[in-house]
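Heads up: the structure comes next, in structure tokens.
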Amino acid sequence: MNAVKKAAFCLVAAGLLFGTLSCSKKNAEKSEKKVKIGIAKIVQHVALDSVEQGIIDYLAENGVEAEYDLQNANGDVNTAAQIALKYKDEKVDVAVGIATPVALALANTIKDIPVVFGTITDPLGAGLVTTLEHGEGNVTGMSDAIPTEQHIEMFKEIAGIKTLGYIYTSNEANSISSLELVKNACQKFGISLVTQAITNSSEVKQAAETIIDRVDGIYLTTDNTVFSALSSLIQVFDKARKPIFSGDVTGAMAGGCAIASGFNYYKAGRATGEMVLQILNGKKPSEMAVRFMTEPEDFDLLFDLDAAKKCGITIPEKYLNAASMIFENGKLTQK
């Protein structure tokens with residue numbers, strides 16, 4: 001090889017090497033870049049906190065390096081709207097809304113960024129999607145619909161409920177949808193229903209005191225406003241020695257609810273995280289069906305034997321054998 005050819009070869013080789021190093025550097029920078037994920041919830045309580053943690057844990061376990069913007073609307077729809085604007089301005093990679101008011105705020109405000117809703121009782125009724133078969137534009141997510149009819153049937157069998165109490169948030173779409181399910185179940189099983197509407201968590205205790213003398217027990221669906229003040233409701237029903245059936249097991253794990261049946265909210269968070277991961281990997285929300293928690297291992301059944309005893313209720317052996325959690329003598333045992 002003459003000197004000219006040798007010099008040219010060296011220049012080409014150097015150029016290729018430089019190009020390879022430059023591409024490698026760019027790829028490394030790209031892979032090291034953190035994605036930004038906004039997660040907003042309507043209020044802070046143990047179930048919604050568990051959803052949030054489940055999302056974060058699932059993504060971390062699957063190698064996602066994320067910067068999180070965690071927000072709490074404190075039960076205020078105006079704050080939820082402000083959070084949505086914040087995520088839009090920040091151009092987060094994915095915006096997650098936990099509970100209906102926040103999810104609606106995100107979906108109505110953000111049109112060019114994927115929006116994933118978590119734990120929405122009735123996504124169709126809320127107007128987040130028009131079908132459960134696939135997402136709507138940039139919006140998809142998971143539902144926390146619970147088997148209300150089966151719950152009320154079990155409550156009647158175990159506690160002999162003849163008149164059921166139900167407190168709901170009148171300005172939340174999911175609560176209105178749940179109310180209709182409760183009404184239908186009570187009608188089917190010949191149970192009288194006493195309802196009390198609220199608009200914020202500060203009204204929960206007063207609502208419980210308003211109905212306590214007219215009911216045999218109370219059924220709680222996944223109403224976030226009610227659960228954010230669960231301790232005050234438990235206080236009223238505990239004093240009256242009347243049972244509580246909770247459709248949210250997570251919120252009942254500290255005691256006070258004689259019966260609790262529902263899916264595990266931490267697992268629901270992980271399922272939501274799985275949907276977020278699919279979107280980060282390139283899947284479009286419009287291609288993803290609304291997800292439901294339907295597997296037996298997703299559900300928990302809890303009996304608080306302390307609360308049941310105080311209410312004069314004996315839990316049948318068949319249900320105790322099926323329980324995944326027992327609360328007794330002030331202590332929770334998980335099977």
Side-chain angles (χ1 to χ4, degrees), residues 47 121-122 125 144-170 172-199 201 203-252 255-263 299-316 319 323 327:
T121 302
D122 185 6
D144 67 345
I146 56 175
T148 298
E149 185 176 298
Q150 293 93 315
H151 284 173
I152 291 176
E153 184 180 22
M154 184 194 299
F155 203 13
K156 181 180 180 180
E157 179 186 349
I158 294 175
I161 298 295
K162 294 180 180 178
T163 302
L164 183 69
Y166 184 68
I167 298 173
Y168 67 98
T169 307
S170 60
E172 279 196 28
N174 67 304
S175 298
I176 301 300
S177 299
S178 296
L179 173 60
E180 290 305 309
L181 294 175
V182 172
K183 284 181 178 178
N184 293 337
C186 285
Q187 185 176 15
K188 179 175 181 178
F189 299 117
I191 298 171
S192 298
L193 180 64
V194 176
T195 65
Q196 185 66 40
I198 60 169
T199 57
S201 58
E203 299 172 3
V204 171
K205 185 176 182 180
Q206 183 179 352
E209 291 171 339
T210 299
I211 67 171
I212 190 65
D213 293 331
R214 296 184 285 152
V215 302
D216 300 318
I218 189 168
Y219 176 61
L220 309 179
T221 52
T222 54
D223 189 307
N224 294 299
T225 306
V226 173
F227 271 96
S228 65
L230 180 61
S231 59
S232 62
L233 186 147
I234 289 175
Q235 182 183 356
V236 174
F237 276 79
D238 180 75
K239 184 178 179 181
R241 296 177 179 271
K242 293 185 178 181
I244 299 169
F245 189 127
S246 171
D248 168 18
V249 176
T250 309
C257 299
I259 310 170
S261 174
F263 65 78
F299 285 78
D300 289 316
L301 176 61
L302 179 153
F303 293 105
D304 183 337
L305 300 186
D306 297 339
K309 183 178 180 181
K310 185 174 287 189
C311 296
I313 297 170
T314 300
I315 309 297
Y319 285 117
F327 192 93

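All values below were derived from every heavy atom in this structure, side-chain atoms included, with hydrogens, water molecules and symmetry-related copies excluded. If you're wondering where the values come from, they're calculated on a predicted model, not measured in any experiment.
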- Note on the structure: Distance col, row Ser170:OG vs Leu179:CG, nearest 0.5 angstrom, shows 10.5 Å
- Item | Side-chain heavy-atom pair Ile158, Phe303 within 4.5 angstrom cut-off | yes
- When rounded to the nearest 0.5 angstrom, what distance separates CD1 in Ile259 from OH in Tyr219? 11.0 Å
- Item | Nearest-0.5 Å distance, CD of residue Glu209 to CD of residue Gln235 | 8.0 Å
- Task: Taking Lys156 for its side chain and Ile191 for its backbone only, find out whether a donor-acceptor pair lies under 3.5 Å.
- Result: no
- Taking every heavy atom of Ala145 against every heavy atom of Phe263, the minimum-distance pair comes out as O-CE2, 4.3 Å
- Query: Side chain of Asp304, backbone of Gly256: donor and acceptor closer than 3.5 Å?
  - Reply: yes
- State the OG1-CD distance between Thr169 and Glu203, to the nearest 0.5 angstrom. 9.0 Å
- Do you know which two heavy atoms are closest between Ile152 and Ala185, and how far apart they sit? CD1-CB, 3.7 Å
- Student check: side-chain heavy atoms of Ser246 and Phe227 closer than 4.5 Å: yes
- Note: Ile161 and Pro243 closest approach over all heavy atoms is CD1-CG, 4.3 Å
- Has the side chain of Lys310 got a donor or acceptor atom that lies under 3.5 Å from a matching backbone atom of Asp238? no
- Item | Gap separating the CZ atom of Phe155 from the CD1 atom of Ile244, nearest 0.5 angstrom | 8.5 Å
- Message: Within the 4.5 Å heavy-atom criterion, are Cys311 and Phe237 side-chain neighbours or not?
- Response: no
- Query: Among Ile212, Ile211, Ile218, which one satisfies side-chain contact (heavy atoms from CB on, under 4.5 Å) with Val194?
  - Reply: Ile211
- Task: List the atom of Val226, the atom of Ile198, and the distance in Å for their closest heavy-atom pair.
- Result: CG2-CD1, 4.0 Å
- Which atom names give the shortest non-hydrogen contact between Val204 and Ser232, and what distance separates them? CG1-OG, 4.0 Å
- Would the number of heavy atoms belonging to other residues, nucleotides or ligands and lying under 6.0 Å from CD of Gln150 be above 12? yes
- Give the C-alpha distance, both sets of side-chain angles, the deciding distance and a yes or no for salt bridge (charged side-chain N to carboxylate O under 4.0 Å, His left out) between Glu180 and Lys183. CA-CA 5 Å; Glu180 290 305 309; Lys183 284 181 178 178; 3.7 Å; yes
- Note on the structure: In short, Ala208 meets Leu233 closest at the heavy-atom pair CB-CG, 4.4 Å
- Could I get the full list of side chain to side chain donor-acceptor pair (under 3.5 Å) partners for Thr121, not counting sequence neighbours? Asp144, Thr222
- Message: Test side chain to side chain contact (heavy atoms under 4.5 Å, CB included) on Asp248 and Leu220; report intermediate values, then the result.
- Response: CA-CA 8 Å; Asp248 168 18; Leu220 309 179; over 6 Å; no
- According to the salt bridge (Lys or Arg N to Asp or Glu O under 4.0 Å) rule, which pairs have a member within residues 213-234, sequence neighbours left out? none
- Item | Ring geometry between His151 and Phe245 (parallel below 30°, tilted from 30 to 60°, perpendicular above 60°) | tilted
- Rounded to the nearest 0.5 Å, the CD atom of Glu172 sits from the OG1 atom of Thr199 at a distance of 10.5 Å
- Query: How about Thr221 and Tyr166: does a side-chain donor come under 3.5 Å of a side-chain acceptor?
  - Reply: yes
